[in-house]
Amino acid sequence: MSRRTELATCSLCEAACGISVQLDEDRILRIRGDEEDPLSRGYVCPKALALADLHVDPDRLRHPIRRCGDRWEPIGWDEALDLAATRLAQIRRANGPDAVAVYLGNPTIHSFGAALFSLLLVQGLRTKNFFSSNSVDGLPRLLTSFLVYGSQAVMPIPDIDRTSFLLIVGANPVVSNGSVMSAPGAARRLEEIKARGGRIVVVDPRRTETAELAGEHVFIRPGTDAFLLLGLLHTIFEEGLESPGRLEAMCDGLDRVRAIARGFAPERLAPVLGIEAVEIRALARDFARAPSAVCYGRMGTCTQEFGTLSSWLIDVLNTVTGNLDRIGGAMFTTPAVDLVALADRLGQRGHFARWRSRVRGLPEFNGELPVAAFAGEMETPGDGQIRALVTHAGNPVLSLPNGRRLERALSGLEFMVSIDIYLNETTRHADLILPPTFGLEHDHYPLVFHSLSVRNVARYSRAVFPRAPAARHDWEILLDLTRGVLSRGRLSERLASLGLGALHLVGPRGILRLLLRLGPHSITFDRLRAEPHGIDLGPLEPRMPGLLAGRRIQLAPGPLVADVERLERSLAAERAGARPLTLISRRLLSSNNSWMHNSPKLVRGRDRCTLLVNPADAARRGIRPGDRVRIVSRAGAIEAPVVISDEVAPGVVCLPHGFGHARDGTRLAVASRQPGVSINDVVDDGPVDGLSGCSSFVGTTVEIERVAADNEQAAEPT
Ligand SMILES: Nc1nc2c(c(=O)[nH]1)N[C@H]1C(S)=C(S)[C@@H](COP(=O)(O)OP(=O)(O)OC[C@H]3O[C@@H](n4cnc5c(=O)[nH]c(N)nc54)[C@H](O)[C@@H]3O)O[C@H]1N2
Ligand SMILES: Nc1nc2c(c(=O)[nH]1)N[C@H]1C(S)=C(S)[C@@H](COP(=O)(O)OP(=O)(O)OC[C@H]3O[C@@H](n4cnc5c(=O)[nH]c(N)nc54)[C@H](O)[C@@H]3O)O[C@H]1N2
Ligand code: SF4
Ligand SMILES: [Mo]
């Protein structure tokens, strides 16, 4: 019994790799990729190894703690939940439900229990002040799906395992392993495209790891992708290269799109994009003529001022070239739990702009407000002001634009409770921290990511470690908190809270059992459990028109067509001459957003929080390799060491996000030794995508100045 190997899931990023964990009693000896996993095929990245570090991390919270002045004291679970529910209920009673806000962070959807039961909390609290990391991430993609396919759950996934032409706009899958495209071992999958004679073209203001692998890279000025996409469409229509094929019969609005594209000749756009018109035209021809092709955009095309327009135009490009729902194009998954059908059944296809945020007037999407409204809703007195906050698996102080403003707002709250595994930059503002079991201490079914995967698979992993006797799972905390608040509410809420008690018996596993039964493959939970490497359900298959459930593809939905005018205005406002520097972010292979820097394995070595500056921009300012620079924006100023590199386009500077661990009062011994700085202390919270309200990271203009020569070696970007 002492030495054994358990199959499990790495739940750290969207790739959701299958892993095999070698143990000696309860000590992790080794974590490797599961060679027999039908999707990840043995791949793991360095972060998987850090699961072992985090599992034993002495800083990871294992019981609830409560703030007493400047100190934190342990508190029992029952007392902690009682305190949280009492305080939240009081504040709701006195000020109405909108006074209690919820912020759900990214790891929420990496646990199927948390994903399901966080919805219960949000529904139960009935607050308009519901926020999540989605509005610094994929909101424009979801809104596009809602407007075009009539459901936010209908997600086109690039069929990278079979395509012959992959056009990547604003994504870096070699590092991220895909997003809204679970593609573990993305580098190998991209190599395979080239090996079978296909092409990969990367459009990015930085020559990324993906661009290096692709071999074909086009620099673009940040935030101008919608122009490029319209230029491609213009060429395709003008040169008669369109071929929507069978899709034409399912679409409305093709003529409208053609009419819009007419105004965007590449020759007109070239100066804005920094890309030659001939190059745009050649790209359009190659894309349209390829046997199969897919355009794929992600963070870079979402988190910008034309995020929804860009996401939409990507779908339009795939559709008019006949590549939507075609093998090797942009396809749709057929997962064991069909979230599209489920959303249809529950009437959760999405809704948009039914109400707006009180202060900034930003639109809700499916009941959620953009985080660009978050700080203002805490700061601004009046009816509906946020006075209390629940955070779940989020670190908004480091992850949202203008983190300094946000932390000032957090410190003014009457009450804050965080469900989190660390005392970090955000949770240090809480009155109470409730830590759930982590990673290998609970079971996994990648409910969301199996719906976004490049191959249809289903894998359920049991917990590797039993939880400690007193420990609670995320879903149990969310359920108990919801019940606790409702049981102190109005009569109808008190009755509802009684009913919720039964959910303890069902749990996420019971719900999964049911959802699997209802799913298109009718897999039983017992079968799933019996095949821990995962069940291969085959490559993606054409799903249109069935997936539309009687609807039609709206290729030119009203709100998007109307938003083209804003794009036109921005083109007209373009002026020649010197432009300010634009700040963009980057991700590191051995880091995950803001919260993995307490793993000794991952942070070994040199400082990676470096600013990339193009040689021309450095020379103009007298900045030399190894210098430290001050980066100043409207929002604030930070200092970082510089790496001078032509890997960033002229006029662009680039810093990783998720650092900035030097703030007082955290319990992150390893991370705070190599803290770096937080890019979001300078990223402006003003600019947003004009349609969805998603934060625009690329809207931040900065100036940089040399502060000192740095003794440290100029670090290479990773
Ligand atoms: N190793 C690692 N993997 C991760 C994460 C991590 O932190 N580390 N995070 C996970 C998460 S939460 C997500 S959402 C995914 C994100 O997955 P990706 O979207 O693949 O990753 P990003 O690195 O954000 O890629 C965005 C790219 O857009 C470029 N870009 C910036 N502005 C523009 C622009 O205006 N136009 C264009 N065309 N490009 C632009 C950037 O230079 C960058 O290369 O990664 C996930 N995987
Ligand atoms: N400038 C800039 N900012 C960005 C980005 C960027 O590219 N540039 N990327 C954005 C993107 S794509 C994202 S997704 C967001 C992420 O934004 P957030 O979700 O707000 O931040 P994370 O860094 O993911 O922090 C996750 C938190 O969850 C906790 N945690 C980890 N595992 C668990 C768990 O199992 N249970 C619980 N309860 N807590 C857990 C961690 O301790 C941490 O506090 O950041 C965004 N911010
Ligand atoms: S790519 Fe790395 S972090 Fe993401 S799931 Fe796979 S092993 Fe885990
Ligand atoms: Mo994300």
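Along the sequence shown, residues are numbered consecutively beginning with 1. Read the numbers this way: they start at 1 and go in the same order the structure lists the ligands and their atoms. Below, each value reflects all heavy atoms present in this structure, side chains not excepted, and no hydrogens, waters or symmetry copies.
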For atom 12 (S) of ligand 2, what is the nearest protein heavy atom, given as residue, atom name and distance?
R587 NH2, 3.0 Å

Distance from atom 36 (N) of ligand 2 to nearest protein heavy atom, with residue and atom:
P436 CG, 3.7 Å

Within the 4.0 Å heavy-atom shell around V136, which atoms of ligand 2 are there?
10 (C), 11 (C), 12 (S), 46 (C)

Under 2.8 Å from atom 2 (Fe) of ligand 3, is there any N, O or S atom belonging to C10?
no

Counting only heavy atoms, tell me which of Y422, W595, F131 gets closest to atom 24 (O) of ligand 2.
W595

Residue Y103 vicinity, atoms of ligand 2 by number, heavy atom under 4.0 Å:
17 (O), 18 (P), 20 (O)

Considering only heavy atoms of N680, which atoms of ligand 2 have at least one such atom less than 4.0 Å away?
1 (N), 2 (C), 3 (N)

At less than 2.8 Å, would any N/O/S atom of C45, backbone or side chain, sit next to atom 4 (Fe) of ligand 3?
no

Got a salt bridge between R404 and D681, using NZ or NE/NH1/NH2 to carboxylate O under 4.0 Å?
yes

Is there a polar contact between ligand 2 and N424, counting only N or O atoms under 3.5 Å apart?
yes

Do side-chain atoms of N424 reach the backbone of T427 as a donor and acceptor pair under 3.5 angstrom?
yes

If we only consider heavy atoms of G658, is any one of them less than 4.0 Å away from an atom in ligand 2?
no

I need the contact type for S594 against ligand 2. Using non-hydrogen atoms and a strict under-4.0 Å cut-off, is it side chain, backbone, both or neither?
both

Give the residue and atom name of whichever protein heavy atom lies nearest to atom 8 (N) of ligand 2, and the separation in Å to one decimal.
S585 OG, 2.9 Å

Is there any N or O on H442 that sits under 3.5 Å from an N or O of ligand 2?
no

The closest protein heavy-atom partner of atom 19 (O) of ligand 2 is N106 N, 2.6 Å

Donor-acceptor contact present, side-chain E377 to main-chain F374, <3.5 Å
no

Within the structure provided, determine whether R298 and V180 are in side-chain contact (heavy-atom separation under 4.5 Å).
yes

Where ligand 2 meets I679 - atom numbers and elements under 4.0 angstrom, heavy-atom basis:
1 (N)

Judging by distance only, is a nitrogen or oxygen of D137 under 3.5 angstrom from one on ligand 2?
no

Can you list the ligand 3 atoms lying under 4.0 Å from a non-hydrogen atom of A48?
7 (S)

Would you call the rings of H661 and H597 parallel, tilted or perpendicular, where under 30° means parallel and over 60° means perpendicular?
perpendicular

The closest protein heavy-atom partner of atom 30 (N) of ligand 2 is I421 CG1, 3.8 Å

Consider every N or O of I419 and every N or O of ligand 2, then say whether any pair is closer than 3.5 Å.
yes

Within reach of ligand 2, part of A393 (heavy-atom separation under 4.0 Å):
both

To check your reading of the model: name the closest protein heavy atom to atom 4 (Fe) of ligand 3, its residue, and the distance in Å.
C13 SG, 2.3 Å

To the nearest 0.1 Å, how far is atom 35 (O) of ligand 2 from its closest protein heavy atom, and which atom is that?
F438 CD1, 4.0 Å

Looking at G105, which atoms of ligand 2 are within less than 4.0 Å of one of its heavy atoms?
19 (O)

With respect to T437, determine whether any N or O atom, backbone or side chain, lies less than 3.5 Å from an N or O atom of ligand 2.
no

Could you tell me whether R206 and E647 make a salt bridge, using a distance below 4.0 angstrom between a side-chain N and a carboxylate O?
yes

So that I can tick it off, tell me whether R467 and E476 are bridged by a salt bridge, with the cut-off set at under 4.0 angstrom between side-chain N and carboxylate O.
yes

May I ask you to decide if the ring planes of W475 and H473 are parallel, tilted or perpendicular, using 30° and 60° as cut-offs?
parallel

Would you mind checking which non-hydrogen protein atom is closest to atom 45 (O) of ligand 2, with the distance to 0.1 Å?
S399 CB, 3.3 Å

Will you find, in the side chains of E425 and S594, an N or O donor that is under 3.5 Å from an N or O acceptor?
no

Identify, for atom 13 (C) of ligand 2, the protein heavy atom at the shortest distance, and state residue, atom and that distance.
N593 ND2, 3.9 Å

